[in-house]
*Asks:* 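Sharing a structure with you now.
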Amino acid sequence: MATERREDPTTDRRTEYDYTSDDVDRPALVADLERVVSGDVRFDSYSRELYATDASPYEVTPVGVVFPRSTGDVVGVMEYCAARGIPVLPRGGGTSLAGQSVNRAVVLDFTRYMNDVLEVDPNERTATVQPGTVLGTLDERLAPHDLKFAPDPAWGDKSTIGGAIGNNSTGAHSLQYGKTDVYLEECEVVLADGTVTRFGEVSVEELRTRADPNGDLEARIYAEVARILEEEAGTVAEAYPDLKRNVSGYNLDQLVAEAHGDLLPGGEQIDEAETVNLARLLAGSEGTLAIVTEAIVSLESVPETKAVALLCYADLHDAMEDVAPILAHDPAAVEVLDDVLIDLARGTSEFGPVTEMLPEGTNATLLVEFYAEEDEAGQKKVAGLLADRCPTAEPVAEPRDDFPHTDVDPLATEALEAYDEAERTQLWKLRKSGLPILLSRTTDEKHLAFIEDTAVPPESLPEFVERFEDILESYDTYASFYAHAGPGVLHIRPLVNVKSEVGLDQLHGIADEATDLVVELGGSVSGEHGDGRARTQWNEKLYGKQVWEIFRSLKTTFDPDWLLNPGQVVYPEGEPTDLRENLRFGPEYDFDTDFESVLNWENDNGVQGMVELCHGCGGCRGEQSTTGGVMCPTFRASREEITSTRGRVNALRNAMNGNLDSDDPFSDEFVEEVLGLCIGCKGCAIDCPSEVDMAKLKAEVTHEYHQRNGASLRDKFFANVETVSRLGSATAPLSNALESLPGGRWLLERTLGIAADRPLPTFRRKTFCDWFEARETPSNLTADRKAVVYPDTYTNYSHPKAGKAAVRVLESAGVEVAVPDRLGDTGRPAFSKGFLEYARETAKKNVAALTPWIEDGWDVVMIEPSDAVMVQTDYLDLLSNEAIEQLAANAYGVCEYLDRFRLDESIRFDVGDERLTYHGHCHQKATRKDHHAVGVLRRAGYAVDPLDSGCCGMAGSFGYEAEHASMSDAIAAILYEQVKASDGDQVVAPGASCRTQLEGRPGAERPPTPIELLAAALA
């Protein structure tokens, strides 16, 4: 099962984009590679810059990018590059944190084509996969068999199996499962000379038989491995730390332990001596030894149930003292959160409510999770833990008689328990709050990943934390401590400004002293995220000169010309890797927006701060089925890096810092390829860990583009849709007949670029305002609240039914309703097309018109979700005064209004047993307001299946634009699949665009809005 790749939207003849720039580097090289591979070859400036970064602080522009379709393609690239001395870098999702997935090389991106789950054998509990397979997709395929790939890195729904092998990845449950190497049974690989072979389990005797130091490359590899086992085993065993979580250097300790029948690192018993698995030597090699093109991995059963305890402490040091005693209880995970992050979480809208569960005085927590066969067993494990480590707690169950008793005095002040999935999710949500909070800084100072996953024996954690805090203080900075305390791995990201020389000194000095500390304590410089550009230079200090030379010898044997991702794990004599080089931001970095911002930017550094906020984690690259959420619809439809939020903001940053042409953000090509495919769904504002607001950036840059280049007639047409709709209503039904005139739609597409195959809105002669003015106000209404129902453009001129329904429901709830007839549109169309001054003037008029109502005690209720969010949030970007803040605070979506004040609880509804499939509007989801409609519908008596869906793809005018219609359809196809999988009898959606798109399903009718269903159900 591959990550599904739908038809490329660019196959539509009307498209004006191809995801690349016209500026192609080394065209002769491109032509040569295109002759030897069937995949895609891209050496254009956009593609090269998009692959210059990953989730680390580093940036290295590659030679170019190839998307191989097969092992044969990889062979073709490797043979060609080997003959010419061109480095090659295999890459997965680009989620690496140490810089190992960027290099001056030809990058092989496996995620586009080589992403299949080729076979699952549930009896043998193995899966055969290609390197571009996303871990979340693999687990999705395994779910029917109650199996999983055990390593669970936090970004597993975006990272790939190839990356997991290259990094020897693990995750929060490494206490239970260990690292990727344990599950790597066999690999098909392409060697540095283009040879294809398979590495797997082999006896030491057979290893010696195959060895030939004067033979071909594969025979020389066997000879070198045999030599290490015979001559260097003692050196390796003595030099490597005895840790479960060490991924620094090459995986030689695993190799030696297997061959000699010793315990594996961390204490696991070897099944069979005198046998080694050469595939596992590739685990953690970061693509420097061979290129994995297929892997057989072993699988684990999904736990029957889980149980969680959250232990609370007065400070971090007490929590660290408690880790070793907790391990005696055999937990699956032990995760720490310190006071820095708890305090920051308290101030956020997302995580603040979770912190309210914590007892007063809590300044550190340890989340302890157990796996169990049944609920009662899990509860007893938690009870035993609390009896030992927090005896003042009163667990829901009694512990087993033989629960572990440790001799260490208990330090936890209180404890919380969680057993059902919702409760466990809440506690894990608090633990996972760390990264999003740390990555939200828009100042020049950033919490950088460069020593963030040092590992020490758990019993050394108290000393390690205390001394590390001293190191940070000596460099006049600080960091938070969080993550995997159980195996001794703490995520520590010091606050550093590498745009200054002082920051570079801090970077190097902290890393140097941290390395000394972990070596002294028997630890490792990397327990999870690998060496890369951040830590390769410390491997000699960690292991000593002799092991360092073994690394060099092994690398040279596998890769004689050092062409495979050179400079990672180990470097050649005289060519050192330095963590201060190739930084994305440095003292010489320059950024020039070259225009004055029109919008209000409350974050530090304004537009620049927002552009530089993206750290490259790839959160925008998740699939709908595994990641959910809104972000990023165009990437999910196209699987093109340039259509992800990361890709767009990287392109924008490079355009503004001079890596691309200085005028690039305002060129036609940049607008078409980078900005034009952002549909303004706002999903990144909530789903991106850093909350990069690409929709706002697009509006700002598009406005400047209009200022410099003028605007198209179509953009002006859509920006003024209120005027168009008013005219259409005034001339209805004649205006509606124009659509059916022979050649009319063709002419519209040729002149305005409005897709001929899209249904146009139907205009009503009698508007919503007309209806309201003519109706009789209920005489028996006892008003508890007063609400102005905003007559938005679509409701007023095309769909008055929704407005009428809103009035009926509100009045049934005892709300006095008014509908002013002199309000125009909210400015949403102009804002979305980048006409910000026009949108601002519209906002000013509406604020002036609505302020007297608000001051008189009236609320403002919106029917269209995008208009509601426009007033609630986007007006604050356009205007700065007390009146706009007052309006934004008193504006509500109609279902939000009913739910917020529980107005529906006074209404009698009469609904049948119909089950609804609910698709929420992306703007409401982005502002965390989408749940209101679901709550009201359920209280009315409906069974509701709320889809975890993204944008519908219509996105206002986007789906009407001829060149974007195919992309809109590709996005819609994802939603259609979700609707089809739902067991709902009827689809319901609040947005006009969403309902138009959903009407496009075969045999489907336009869905009603939630407020229409509520009105129809009034008893």
Side-chain angles (χ1 to χ4, degrees), residues 3 50-60 62 65 89-103 107-112 114-115 129 131-139 149 151-172 179-180 247 283-284 286-287 292 432 434-436 438-439 447-450 452-453 483-484 491 493 526-535 565 568 584 613-623 626-627 629 631-632 635-636 639-641 644-647 649-650 684 687-690 692:
T3 299
L50 292 175
Y51 284 82
T53 55
D54 53 12
S56 75
Y58 296 97
E59 183 170 42
V60 184
V65 186
L89 164 64
R91 171 167 161 144
T95 60
S96 300
L97 287 162
Q100 57 265 60
S101 61
V102 295
N103 215 325
V107 173
L108 300 176
D109 182 348
F110 290 103
T111 62
R112 175 163 306 156
M114 296 182 69
N115 58 18
V129 295
T133 304
V134 175
L135 299 182
T137 302
L138 173 59
D139 283 340
F149 181 64
D152 58 344
W155 233 232
D157 52 354
K158 292 96 178 172
S159 54
T160 65
I161 191 70
I165 294 169
N167 210 54
N168 203 3
S169 297
T170 180
K179 304 188 295 290
T180 293
V247 298
E286 302 183 358
V292 175
K432 292 178 179 179
L435 189 61
L438 288 180
L439 298 180
H447 287 283
L448 295 184
F450 65 103
E452 84 291 347
D453 66 326
H484 317 305
H491 290 342
R493 293 191 175 211
S526 179
E528 183 169 22
H529 297 148
D531 295 323
R533 298 181 176 278
R535 286 182 284 269
N565 201 12
Q568 320 304 307
R584 192 182 311 182
L613 185 57
C614 175
H615 67 288
C617 71
C620 42
R621 288 173 52 96
E623 291 294 309
T626 56
T627 307
M631 184 180 69
C632 184
F635 175 80
R636 288 171 175 171
R639 300 199 58 76
E640 291 280 353
E641 176 72 17
S644 68
T645 301
R646 178 175 74 176
V649 79
N650 265 331
C684 46
D687 290 339
C688 169
S690 301
V692 173

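The analysis underlying the following values was restricted to heavy atoms, covering all of them including side chains, and did not include hydrogens, waters or symmetry mates. Model, not experiment: these values are computed from the prediction.
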*Asks:* Considering only heavy atoms from C-beta outward, does the side chain of Pro57 approach that of Arg584 to under 4.5 Å?
*Replies:*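 Pro57 vs Arg584: side chains apart.
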*Asks:* When you compare the side chains of Thr626 and Asp157, does any donor N or O come within less than 3.5 Å of an acceptor on the partner?
*Replies:* no
*Asks:* First locate atom CZ of Phe149, then atom CG of Asp139, and finally report the distance between them rounded to the nearest 0.5 Å.
*Replies:*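 So the CZ of Phe149 and the CG of Asp139 are separated by 8.5 Å.
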*Asks:* Does Glu623 pair with Lys158 as a salt bridge, N-O distance under 4.0 Å?
*Replies:*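 No salt bridge links Glu623 with Lys158.
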*Asks:* Can you name the nearest heavy-atom pair linking Ser169 to Thr180, along with the distance?
*Replies:* O-OG1, 2.7 Å
*Asks:* Measuring from atom CG of Leu439 to atom CG of Leu448, what distance do you get when rounded to the nearest 0.5 angstrom?
*Replies:* 10.0 Å
*Asks:* Would you confirm whether Ser96, through its side chain, and Gly99, through its main-chain N or O, come within 3.5 Å as a donor-acceptor pair?
*Replies:* no
*Asks:* Dump the intermediate steps for side chain to side chain donor-acceptor pair (under 3.5 Å) on Ser526 and Asp453, then the final yes or no.
*Replies:* CA-CA 5 Å; Ser526 179; Asp453 66 326; 3.0 Å; yes
*Asks:* Asn103 and Arg533: which non-hydrogen atoms are nearest, and at how many Å?
*Replies:* OD1-NH2, 3.1 Å
*Asks:* Might you work through the ring pair (Phe, Tyr, Trp, His ring centres under 6.0 Å) test for His529 and His491, ending with a clear yes or no?
*Replies:* CA-CA 10 Å; His529 297 148; His491 290 342; 5.0 Å; yes
*Asks:* Quick one: closest heavy-atom pair of Val692 and Val649, and the distance?
*Replies:* CG1-CG2, 4.2 Å
*Asks:* Quick one: do Lys179 and Glu528 make a salt bridge, cutoff under 4.0 Å?
*Replies:*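 Salt bridge: no.
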*Asks:* Within the 4.5 Å heavy-atom criterion, are Thr627 and Arg636 side-chain neighbours or not?
*Replies:* yes
*Asks:* Please examine the side chains of Thr160 and Pro131, heavy atoms only from C-beta on, and report whether any two atoms are closer than 4.5 Å.
*Replies:* no
*Asks:* Output yes when Arg535 and Glu452 qualify as a salt bridge under the 4.0 Å nitrogen-oxygen rule, no when they do not.
*Replies:*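 Salt bridge present between Arg535 and Glu452.
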*Asks:* Kindly give the heavy-atom pair with the smallest separation between Ser101 and Gly94, and that separation in Å.
*Replies:*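 Where Ser101 meets Gly94 most closely, the heavy atoms are OG-CA, 4.1 Å.
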*Asks:* With side chains defined as the heavy atoms from C-beta onward, is the minimum distance between Thr111 and Arg621 less than 4.5 Å?
*Replies:* yes
*Asks:* Taking all non-hydrogen atoms of both residues into account, name the closest pair between His484 and Gly171 and its distance.
*Replies:*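 Between these two residues, the closest heavy atoms are CE1-C, 4.2 Å.
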*Asks:* Do you know which of Asp531, Asn565, Asn167 makes side-chain hydrogen bond (donor to acceptor under 3.5 Å, both in side chains) with Gln100?
*Replies:*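 Result: among Asp531, Asn565, Asn167, Asn167 is the only option passing the side-chain hydrogen bond (donor to acceptor under 3.5 Å, both in side chains) with Gln100.
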*Asks:* Considering only heavy atoms from C-beta outward, does the side chain of Pro90 approach that of Phe110 to under 4.5 Å?
*Replies:* yes
*Asks:* Taking C-beta and beyond as the side chain, do Pro689 and Trp155 meet within less than 4.5 Å on heavy atoms?
*Replies:* yes
*Asks:* Does any non-hydrogen side-chain atom of Cys688 lie less than 4.5 Å from one of Thr645?
*Replies:* no
*Asks:* CG of Leu97 to CG of Asp54: how many Å apart, nearest 0.5 Å?
*Replies:*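 It comes to 7.5 Å.
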*Asks:* Taking the side chain as every heavy atom from C-beta outward, state whether Tyr51 and Asp109 have any atom pair closer than 4.5 Å.
*Replies:* yes
*Asks:* Tell me yes or no: between the side chains of Thr133 and Asn115, is some donor less than 3.5 Å from an acceptor?
*Replies:*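 Judged by distance alone, the side chains do not pair up.
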*Asks:* Strictly distance-based, threshold 3.5 Å: is any side-chain N or O of Ser56 a donor or acceptor partner for the main-chain N or O of Tyr58?
*Replies:*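 Checked: pair present.
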*Asks:* Is there a donor-acceptor pair under 3.5 Å between the side chain of His447 and the backbone N or O of Leu438?
*Replies:* no
